[in-house]
Amino acid sequence: MNLKVDEVIGHVGDILTDTQKKRGILIHAFQQIQKERNYLPEEDLIRLSKKLDIPLSDVYSTATFYKQFYFTPRGRKIVRVCTGTACHVRGADKVLGRIKDEFKIDEGETTPDLAMTLETVGCIGCCGLAPVATVNESIVGEIDMKRLEEIVEDIKSGEG
Ligand code: FES
């Protein structure tokens, strides 16, 4: 069979229902909103629900299906401390404990000034650098006391 691209797309377009097409738009809209706001504010979800004529409960169920979307404000820095086996053995608890104590937040929480959200993560594949954390897109490895204090100071100063 030798189909042309537009024939395939045309066919896909034909078999998708209006609801399925709207859901595609929804996911794209979620990504854009989260890129700008760092989470999905309720007022934006209500607006999407009205604009696309999709029940708000469906908007929420679509968003909650994907782990990538958040419903509360997130910090400018997302710190993820690896608690995988190698990192655990090499002191992940101390790293996590120090950050929790300094910023008075628990895992999954965000500081009131939105400076940081603290999370834990399973092995991120850098076991040789344990203990490891990520700060936004950067990987910080071999976290000793000195490096840990640098991480804390960077978060406080909004740098790093
Ligand atoms: S256990 Fe932390 S990077 Fe593998």
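Atoms within a ligand are numbered from 1 in the order they appear, just like the ligands themselves. Positions are given from 1 along the sequence. Because only heavy atoms are used, hydrogens play no part in the values below, and waters and symmetry mates are left out as well, while side chains stay in.
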C87 near atom 4 (Fe) of ligand 1 via N/O/S, less than 2.8 Å: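 Within the cut-off used here (under 2.8 Å), C87 places no N, O or S atom near atom 4 (Fe) of ligand 1.
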Short list, please: which atoms of ligand 1 are under 4.0 Å from a heavy atom of [X]?
{"X": "A86", "result": "1 (S)"}
{"X": "C82", "result": "1 (S), 2 (Fe), 3 (S)"}
{"X": "G84", "result": "1 (S)"}
{"X": "I124", "result": "3 (S)"}

May I ask you to identify, for C123, whether its side chain, its backbone, both or neither come under 4.0 Å of ligand 1 on a heavy-atom basis?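 Answer for C123: both.
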N-O pairing of E119 and R74 below 4.0 Å: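 Yes, charged N to carboxylate O under 4.0 Å.
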Please determine if E43 and R37 form a salt bridge, counting it only when a charged side-chain N lies under 4.0 Å from a carboxylate O. yes
Is the closest heavy atom of C126 to ligand 1 under 4.0 Å? yes
Of all the atoms in H88, is at least one N, O or S atom closer to atom 2 (Fe) of ligand 1 than 2.8 Å? no
Is a side-chain donor or acceptor of [X] paired with a backbone partner of [Y] at a separation under 3.5 angstrom?
{"X": "E109", "Y": "D106", "answer": "yes"}
{"X": "R147", "Y": "G141", "answer": "yes"}
{"X": "T120", "Y": "T83", "answer": "no"}
{"X": "S49", "Y": "L45", "answer": "no"}

Under 4.5 Å between any side-chain heavy atoms of F71 and Y60, yes or no? yes
I want to confirm something. Looking only at heavy atoms, which of G128, C127, A130 is nearest to atom 4 (Fe) of ligand 1?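 Among G128, C127, A130, the closest heavy atom to atom 4 (Fe) of ligand 1 belongs to C127.
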